[in-house]
> 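The structure is given below, and queries will be raised subsequently.
Atoms within a ligand are numbered from 1 in the order they appear, just like the ligands themselves. For reference, positions follow the sequence shown, starting with 1.
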Amino acid sequence: MNVTTTYQLLDGKRAAKAVRERIAEEVAAMKREGGRAPHLAAVLVGDDGASRTYVASKVKACEEVGFRSTLITRPAATTEVELLDLVRALNHDPELDGFIVQLPLPSHIDEEHVTLAIDPRKDVDGFHPDNIGRMVLGLPGFLPATPAGIVELLRHYSIETAGKHCVVIGRSHIVGTPMSILMSRNSYPGNCTVTLTHSRTKYLAAITRQADILIPAIGKAEFVTGDMVKDGAVVVDVGIHRIPDASKKSGFRLVGDVKFDEVAPKCSWISPVPGGVGPMTITSLLLNTLKAAKG
Ligand code: GUN
């Protein structure tokens, strides 16, 4: 077996830093010319620990590039009507360029109702059907942050994509499905032959072993094992999970959807967790907010 033993890291932290420096320069120029800073608001409902961490990272990233940011927290008992009222108020706030409602929401609130209520021009998450439709048709709009971040990561490291077989694992509305669309577009990165796999896919390992580019977004810790990956593959790991680890002071460590130690030696390129897709997702959100501010 021809096993590749040297792999290169798709370092999302480094790629994100480069893009964020460009954003910060642009914001500084906007302010110098008398304009105001782009302004993002994040709505957090309830007290999900992971969501709180993600939203805090988004707010911190805004500060680092010179954006204005507003964190709006609401208790878990907030009703759907109350949240929809808040969304409408944010839609009409002239001081605000874009906003996100962090998912998941408490189970008594219908996420679809909330997504549909957001003004597509302020939908910097790119989840509204108008923006999803625009993405499918290749029209200008907001791309969903995680898939757009992955595209930027591949671009940053000049990963060849044309004619490659890209296998996506997971068909969520916010990652797997849009990822499959972006990778099949007639552009760079893109022009892949894409297979979108999911929980009902038969012979999954036989398909993933054919992937030149493998993008697991399935939400299961260390699901992708070495035997599922072709030698020389490019692997972009979307998952992020806390697993117990008594050797850590915190009592846990972060892993992705990929069993890194087994898979990495087979890869030409692989993204780490943490420090891979996560920083790029937040960078896409900043790029979308900048675009919203520019109108
Ligand atoms: N929950 C997990 N990822 C995301 C995201 O990109 N945006 C929002 N709003 N919620 C999320």
> Looking at Thr70, Asp93, Asp97, which hits side-chain hydrogen bond (donor to acceptor under 3.5 Å, both in side chains) with His39?
Thr70
> Should Val236 and Met183 be regarded as members of a common hydrophobic cluster, given that ILVMFWY residues are connected when their side-chain heavy atoms come within less than 4.5 Å of each other, either directly or indirectly?
yes
> Name each donor-acceptor pair under 3.5 Å that joins a side chain in residues 99-109 to protein atoms two or more places apart or in another chain, with its distance.
unit_1 : atom_1 : unit_2 : atom_2 : d
Gln102 : OE1    : Lys58  : NZ     : 2.7
His108 : NE2    : Thr78  : O      : 2.7

> Between Asp245 and Arg253, does any side-chain N to carboxylate O distance fall below 4.0 Å?
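Salt bridge between Asp245 and Arg253, a charged N being under 4.0 Å from a carboxylate O: yes.
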> Heavy-atom distances under 4.0 Å decide this one: backbone, side chain, both or neither, for Val101 against ligand 1?
backbone
> Looking at side-chain heavy atoms only, is the closest gap between Leu44 and Arg74 below 4.5 Å?
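SC-SC contact between Leu44 and Arg74 ruled out.
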> Quick one: look up the protein heavy atom nearest atom 11 (C) of ligand 1 and list residue, atom name and how far away it is.
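Minimum-distance protein heavy atom for atom 11 (C) of ligand 1 reads Gln102 NE2, 3.3 Å.
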> Which residue pairs pass the side chain to side chain donor-acceptor pair (under 3.5 Å) test when at least one of the two sits in residues 141-156, sequence neighbours left out?
Thr146-Thr281, Glu152-Arg155
> Answer with side chain, backbone, both or neither: which part of Lys58 has a heavy atom less than 4.0 angstrom from an atom of ligand 1?
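The side chain, only.
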> With a heavy-atom distance limit of 4.0 Å, tell me whether Asp125 approaches ligand 1 through its side chain, its backbone, both, or neither.
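The side chain, only.
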> Polar-atom distance check: Thr146 versus ligand 1, any N or O pair below 3.5 Å?
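No, since none of the N or O atoms of Thr146 sits under 3.5 Å from an N or O of ligand 1.
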> Can you find an N/O atom of Ile174 closer than 3.5 Å to an N/O atom of ligand 1?
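No; every N/O pair is 3.5 Å or more apart.
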> With heavy atoms only and a cut-off of under 4.0 Å, state how Tyr54 meets ligand 1: side chain, backbone, both or neither.
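No part of Tyr54 is near ligand 1 at this cut-off.
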> For atom 10 (N) of ligand 1, which of the options Ile100, Val43, Leu103 provides the nearest non-hydrogen atom?
Leu103
